[in-house]
Structure formats: structure tokens, C-alpha cells
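Just so you know, these numbers use all the heavy atoms, side chains as well, and skip hydrogens, waters and symmetry mates.
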Amino acid sequence: MGALGFILDAAEGERSWRLAEYVRRGGYTALKKIINENIPPENIVAELKKSSLRGRGGAGFPTGLKWSFMPRQFPGAKYVVCNSDEGEPGTFKDRDILRWNPHMVIEGMIIAGYAMGCARGYNYIHGEIWDIYKRFEEALEEARAAQLLGDNILGSGFSFELQAHHGYGAYICGEETALLESIEGKKGQPRFKPPFPASFGLYGKPTTINNTETFASVPWIINEGGDKFLELGKPNNGGTKLFSVSGHVNRPGNFEVSMGTPFPELLAMAGGMRDGRKLKGVIPGGSSAPVLPTEIIMECTLDYDSIAKAGSMLGSGAVIVMDETTCMVKALERLSYFYFEESCGQCTPCREGTGWLYRVVHRIEHGEGRPEDLDLLNSVTENIMGRTICALGDAAAMPVRGFLKHFKAEFEYHIQNRKCLVPEDVQRAGSGFFKVA
């Protein structure tokens, strides 16, 4: 069983998310181990570094290294923040962690507070999953009643309080500094960096922000050791990872596999291609990751380094599978529309550029494209990437580059013939999950 092996198994039981069930499965033994053995905080950080646990939210930054940035001797308040604002199209793993095993996230955050000398934490939960927010609140109450949260946890002298914060549906609040602004009651817009959150974060105090799945991995590492976690994956890519598989597969859902698992194995776990159709392309890490065609993705292993070498990103682990019925122009039109709608408007290149990308792709899809539009799209992406406060601009530009790189002929066909290369009746038979509202 992997580090997160009981997350989805727990879904079989109606009350599997309750504290009693989590304890029955060995929950909070990592926290008790730290307290009973009086493990020094620096040893916990060192264990995380050995594990090669990398941030599961998208960037893949080494977790132990991030925790080491926290100034432990800082005299004032410090904060631990969990980013559960899961808004990347195709991603739906974190909500299942919170739905079926919220206490594993709570335990991971308590350990983080202990390791970094923080007395308070916040879990920022995506706005559209109110039922999961309420469930997490109930789990917090259970933990407080059991003296696992609050003052003098288990008589150790260590105190840590944790609160949930409900988001309001803005995709931009998944960016860590926009998330901090939102918690503070401000408009959720990204901050200029530097300063970085480790030195100037929530309420101007040192703050460490990690993804839901990242915190959920911590108790296993403390119980079993960083070396064993590393062995579950591959060098520089420790452990197991949850992948959200959607699109044209027979069994979409969340699947936990070892880092470095060949992509064809994950595709088989998801039941293979729906209706026996051929694979055309895969977006391997959420909608912001460049698409990869069949001949490339089928040779990839599922880890940060392999996917990056192939020209894309592992990202959040959201695997969007597209079969031969997919119109790639229509797919890009839908993705471009999303980023156009979700841009916060703070940066001119992003505010104006995402609109340009959507409008140009839209006219190509609707038979009004011009031969020079493909060069125009590349020009717009060049004027967005690296010129914005946060990564949303890059997230809008990278899909455009990926689709044009691997499926340029399909775009050229649209422009030359004023119609789609994939017949409409075939598209309807496939699905149409890229339809623009």
C-alpha cells in the first residue's frame, strides 16, 4: 500500500472520515511519535528532505527545503497554510482527500506547525465545495475535542490552532499570494515577489504554504521514514501520487500510483480508451500544461522530470485524455476561454493577452481564421510569458504553444477549409466536454 493508500479505500465506508476510523487505521500515531519521543523539529525537516517529497499542487518544489526556509527563531507569529483551492480544470484529487480523510491533512498540518515553530494554521478550501468545507470543520471539532488541536496538545506543551477558510470561487486564489490576500479579507490578487511568503506572508509574517496532498503525505513519512517514502517512487521524485484522470476513458477517477509509473499503466487502470477509440493527445498536469501527442505521452513515466523532458509539466496530476474524435482547435478554444475569464486583470499582458488568445482561437474554430493568425498566437504568448506578477499568464500561454506545436496541421486545416478536420458527427459521438458555454 502506498503512502496515501487508504484515501480512496475509505470511500467505501459512510463514516470513514471520522476521527475514530482514522485512529483505527493508525491515524495520529505520527504526531504521538513526535511528542512521545520528543523528536527535534530539525529532524522532521531532515526526514522530509530525505523523502524527496515534492509539492503536489503543481510546482513540484521540494517540501523539506521549503520548510527549512521558515525562520524558526522569528519572535512573532508564524503561519502554516494549506492550499485546498483546487480550481485547475481536470483536477479533483484534493477534494477527495478532504472528503474521505480530512484528519490526515490535519495531522500533517499539526506536524508542520511543530517542525516550523508555528502556532496557527489555515486551510483555504475551494469555494464550490461547500459540503467538503463543512466536513472539514466537523473534523476540526473532533480533533479539538480529543486534545489534538489547541493549547497544550496531548500535554506536550506544544499548542497549535487550525481554522478552515472558505474561498469564493476565484481560480486566481489558487496562486499562493492571492490566497493570502483573500484570507486577510482583501481582493484575491497576487502580490509582487519578493518578498516571498517565507519572510513576508500572511499578515506580514513568515508563512509556509503547501498543497492538500503534500500535507497528507507527511504522517506516513514520519511513521515509516523518508528513505522508505523515496523508495516508493524514484530519485528526486519520492513517494506515490494521486492522478485525476478524466476525458475519454472508461473509468475516470483518482488513482494512486508510484512516481515514475509508465503512463500506459495509468491509462490501463482507468479502463483504457472509451469505446475502443484511439488516443490522440493527453494534457498530463492540468489545463495549464502543454498537451502531448500519443507518440510522446506513451513513452513517458509519471514524474516531474520525465514529463518536463517531454515538453510539458506533471503539475497537479490532472490527466485529461482526448481520443481521435477531439477537435484540438475546439479544445484550445475552451481552455483559452477559461483563462480569459479567470484573469484577475491586474497585469496588462495577462488581462489583454488572454483576451487576444481566446478571440483568435475562437475565430479559427468558427471558420473566420486567417493564415497569419498562427504567428499572431505565438507572438501574443511571447508577450505574456514572464511578464506578469503571477503564473496565470504563463498558464494561458503554454497550452496555446503546446497545441500549435503538436497539432498545427489541424489549425491550418481549419483556416484553409473553414471547417473542422474532425467531422461534427464524429465529435458528437465522442463527447464534447470541450464545448464553450
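Although no hydrogens or angles enter the test, the distance criterion places a donor-acceptor pair under 3.5 Å between the side chain of Ser51 and the main chain of Leu48. In this structure, the side chain of Gln346 does not engage the main chain of Gln189 through any donor-acceptor pair within 3.5 Å. Distance alone, capped at 3.5 Å, is enough to place a donor-acceptor pair between the Ser244 side chain and the Lys93 backbone.
Contacts of Lys278 classified as side-chain hydrogen bond (donor to acceptor under 3.5 Å, both in side chains), with partners at least two apart in sequence or in another chain: none. Under the side-chain contact (heavy atoms from CB on, under 4.5 Å) criterion, Asn236 pairs with Arg54, Asp305, not counting sequence neighbours. Considering only residues two or more places apart in sequence or on other chains, Glu224 meets the salt bridge (Lys or Arg N to Asp or Glu O under 4.0 Å) condition with Lys228. Residues passing the side-chain hydrogen bond (donor to acceptor under 3.5 Å, both in side chains) test with Ser258, sequence neighbours excluded: none. Taking Tyr133 as the reference, Ile125, Trp130, Glu137, Ala164, His166 meet the side-chain contact (heavy atoms from CB on, under 4.5 Å) condition, with sequence neighbours excluded. Shown here are the side-chain hydrogen bond (donor to acceptor under 3.5 Å, both in side chains) partners of Arg99, two or more places apart in sequence or in another chain: Asp96. Listed by chain and residue number, Phe69 satisfy the side-chain contact (heavy atoms from CB on, under 4.5 Å) test with Ala198 (two or more places apart in sequence, or in another chain). Glu382 meets the salt bridge (Lys or Arg N to Asp or Glu O under 4.0 Å) test with no other residue; sequence neighbours excluded. Every residue two or more places apart in sequence or in another chain that forms a side-chain hydrogen bond (donor to acceptor under 3.5 Å, both in side chains) with Thr381 is listed here: Arg401. The side-chain contact (heavy atoms from CB on, under 4.5 Å) check on Lys66 picks up Phe61, Glu176, Thr208, Asn210, with sequence neighbours excluded.
Nearest heavy-atom pair, Cys82 versus Met109, reported as atom, atom and distance to 0.1 Å: CB-SD, 3.5 Å.
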Show me the side-chain donor-acceptor pairs of residues 284-300 shorter than 3.5 Å, one per line, residues at least two apart or across chains.
from: Ser287; atom 1: OG; to: Tyr339; atom 2: OH; distance (Å): 2.6
from: Ser288; atom 1: OG; to: Glu88; atom 2: OE2; distance (Å): 2.8
from: Thr294; atom 1: OG1; to: Leu279; atom 2: O; distance (Å): 2.6
from: Thr294; atom 1: OG1; to: Lys280; atom 2: O; distance (Å): 3.3

**Request:** Would you check, one step at a time, whether the test salt bridge (Lys or Arg N to Asp or Glu O under 4.0 Å) holds for Lys186 with Glu181?
**Result:** CA-CA 5 Å; Lys186 304 172 187 174; Glu181 291 283 289; 3.7 Å; yes
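Within the structure, side-chain hydrogen bond (donor to acceptor under 3.5 Å, both in side chains) contacts touching residues 306-318 (residues at least two apart or in different chains) are Thr91-Ser316, Thr301-Ser306.
With His126 as the partner, the side chain to side chain donor-acceptor pair (under 3.5 Å) test is satisfied by one option alone out of Asp85, Asp94, Thr212: Asp85.
Using a 30° and 60° split on the angle between ring planes, Trp67 and Phe215 fall in the tilted class, from 30° to 60°.
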